[in-house]
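Here, residue 1 is the first one in the sequence, and each next residue gets the next number.
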Amino acid sequence: MHPATDNRPALLLAMGPDTADRLLTDAHRQRLAALTRTDPHLVAHDLTAPDARTAAALAEAELLLTGWGATPLTAGILDRAPRLRAVVHAAGSVKHHITDACWDRGLRVTTAAAANALPVAEYTLAAILFAGKQVLRSAQRYAELRTEHAWLTESAAWGNHRRTIGIVGASRIGRRVIELLRPFDFEILLYDPYVTTPPPGVELTGLDELCARSTVVSVHAPQLPSTYRMIGPAQLAAMPDGTTLINTARGSLVDETALLPHLLSGRLHATLDVTDPELPPPDSPLYALPNVLLTPHVAGSLGNELHRMTDQALEEVERYVRGEPFVEEVRASDLQRSA
């Protein structure tokens, strides 16, 4: 029981339908109820036209805990939330719901993007290792042959020993991939126009040079006007035969029209977790090409991995309650070069 003079901040959950049930376990809801004044089962799906109960909770809220599908926080919505001081996002990018009005109001914003970076980096590590071992090709060949075969002869050019891996973008995910690659015997190249001093053991290069020298090119740059189609005809042509392109960032970063001839000829391989459009049309060759691993945007947090993001978000809520700074605070200037 809390005393009648309850000084805990009021908190409102604001996210899309079903998102809260995916993000929050019963233990998470209990922790929220202990830390803040909240109804952990009240979730605002649409703040543009809230019902009376949600409108009252918004008017009292000092904190919003947001997730995927959160309503963009426009000036009109913020006018109905006069006590609001901070937004804690239990997911990655905040660009979809944090508007200029939030920064004008001086709201503090934090994100669980660091927690979401880990599964994407893990997916990328697996894709890099599988690319070197030609796992996709060998599995398909094995299914076709179904007999003894001279695998050692066929695999003479395979393997992960001293391969050159090109990382495009020193984002949270890009940096995490670099850390995961450290135990392996790789040469690591990095392209990022904002980086002047690369991590230890990593060579900073230009984008074209990275593409020309790498046997795997993995894209981890943010979606910005300056990164649109950054992997284009010149970069694709520079890649050596047999190079694998991995994209777990955004589909718009790769010129798929320019990529497709390289894939159709078998000259290049690809692991694509994102495409442009997000869902390829039913007749897209990407679904059936033997040198393409196409997955439906599953590299990021899903299933029980979602709870890691919630854990991080609740740690930020607890820091706010204790009067401590956020660890993963987002500032308006960060959005100019982040996802």
Checklist line | Inter-residue atom distance Thr310.OG1 - Leu32.CG, 0.5 Å rounding | finding: 9.0 Å
Note to self: With a 6.0 Å cut-off (strictly less than), is the heavy-atom count around CG of Asp100, excluding the residue itself, greater than 12?
What the structure shows: no
Checklist line | Trp158 reachable from Val216 in the ILVMFWY side-chain graph, under 4.5 Å edges | finding: no
Item checked: Residues which pass ring-ring contact (aromatic ring centres under 6.0 Å, His included) with His28, listed by chain and number, not counting sequence neighbours -> His307
Check: CG/Leu207 to OG1/Thr205 distance, rounded to the nearest 0.5 angstrom?
Finding: 7.5 Å
Margin query: Distance alone, cut at 3.5 Å: any donor-acceptor contact between the side chains of Thr147 and His149?
Written below: no
Check: In Å, rounded to the nearest 0.5 Å, how long is the span from OG1 of Thr248 to CD of Glu122?
Finding: 12.5 Å
Note to self: Per the ring pair (Phe, Tyr, Trp, His ring centres under 6.0 Å) rule, what does the pair list look like for residues 69-126, sequence neighbours excluded?
What the structure shows: His89-His97
Notebook entry, point to check: Taking everything shown except Phe130 itself, do over 12 heavy atoms lie less than 6.0 Å from its CZ?
Noted result: no
Margin query: Testing the basics here: between Leu47 and Ala14, what is the closest heavy-atom pair and its distance to 0.1 Å?
Written below: CD1-CB, 4.2 Å
Check: In a check of salt bridge (Lys or Arg N to Asp or Glu O under 4.0 Å) between Glu187 and each of Arg213, Arg162, Arg163, which one passes?
Finding: Arg213
Note to self: The test is side-chain contact (heavy atoms from CB on, under 4.5 Å); show your working for Glu315 and Glu318 and say whether it passes.
What the structure shows: CA-CA 5 Å; Glu315 288 167 7; Glu318 187 165 351; 5.6 Å; no
Check: For Thr110 and Glu316, does a side-chain donor sit closer than 3.5 Å to a side-chain acceptor?
Finding: yes
Margin query: Exactly one of Thr244, Asn291, Val292, Leu293 should register a side chain to side chain contact (heavy atoms under 4.5 Å, CB included) with Leu136. Which one does?
Written below: Leu293
Note to self: Testing the basics here: between Thr227 and Ala221, what is the closest heavy-atom pair and its distance to 0.1 Å?
What the structure shows: CG2-CB, 4.4 Å
Next item on the list: Only counting residues at least two apart or in another chain, list the ones meeting side chain to side chain contact (heavy atoms under 4.5 Å, CB included) with Ser252.
Entry: Gln223, Tyr228, Arg229, Arg250, Asp276
Next item on the list: Can you measure from CG (Leu11) to CG (Leu314) and round to the nearest 0.5 angstrom?
Entry: 9.0 Å
Notebook entry, point to check: Distance from Leu24 atom CG to Arg31 atom CZ, nearest 0.5 Å?
Noted result: 11.5 Å
Next item on the list: Could you tell me whether the side chain of Thr54 and the main chain of Pro50 form a donor-acceptor pair under 3.5 Å?
Entry: no
Next item on the list: Examine distances only and state if a side-chain atom of Thr19 and a backbone atom of Gly67 form a donor-acceptor pair shorter than 3.5 Å.
Entry: no
Checklist line | Considering all heavy atoms, the nearest Leu13-Pro40 contact | finding: CD1-O, 3.3 Å
Next item on the list: Would you check if there is a donor-acceptor pair between the side chains of His297 and Asp273 at a distance under 3.5 Å?
Entry: no
Item checked: Side-chain (Arg37) to main-chain (Pro9) donor-acceptor, under 3.5 angstrom -> no
Margin query: Between Arg108 and Pro325 (side chain of the first, backbone of the second, donor and acceptor by atom type, cut-off under 3.5 Å), is there such a pair?
Written below: no
Next item on the list: Look at the side chain of Arg83 and the backbone N and O of Glu62, then say whether any donor-acceptor pair between them is shorter than 3.5 Å.
Entry: no
Next item on the list: Using modelled atom types only, decide if a donor and an acceptor are shared between the side chain of Thr36 and the backbone of Arg8 within a distance under 3.5 Å.
Entry: no
Item checked: Donor-acceptor contact present, side-chain Asn160 to main-chain Leu129, <3.5 Å -> yes
Check: So with a 6.0 Å cut-off around CZ of Arg176, is the heavy-atom count from everything else above 12?
Finding: no
Item checked: Asp21 side chain to Asp18 backbone, donor-acceptor under 3.5 Å -> no
Check: Roughly how far, to the nearest 0.5 Å, is CG of Leu107 from CG of Leu84?
Finding: 5.0 Å
Note to self: So does Cys211 get a backbone contact from the side chain of Ser214, meaning a donor-acceptor N/O pair under 3.5 Å?
What the structure shows: no
Checklist line | Minimum heavy-atom distance between Arg182 and Pro199, given as atom pair plus value | finding: NH2-CB, 3.5 Å
Item checked: Atom OH of Tyr142 with >12 non-hydrogen neighbours under 6.0 angstrom -> no
Margin query: For Ile246 versus Thr124, what's the shortest heavy-atom pair and its separation?
Written below: CD1-O, 4.4 Å
Next item on the list: Return yes if some donor-acceptor pair links the side-chain N/O of Arg105 with the main-chain N/O of Leu78 below 3.5 Å, else return no.
Entry: yes
Check: Would you find more than 12 non-hydrogen atoms of other residues, nucleotides or ligands less than 6.0 Å from Arg146 atom CZ?
Finding: no
Margin query: Let me check something: do Val217 and Ile178 share a hydrophobic cluster, defined by ILVMFWY side-chain heavy atoms less than 4.5 Å apart, either directly or through other members?
Written below: no
Margin query: Looking at every non-hydrogen atom in both residues, tell me the closest pair between Pro198 and Thr196 and how far apart they are.
Written below: CD-O, 3.9 Å
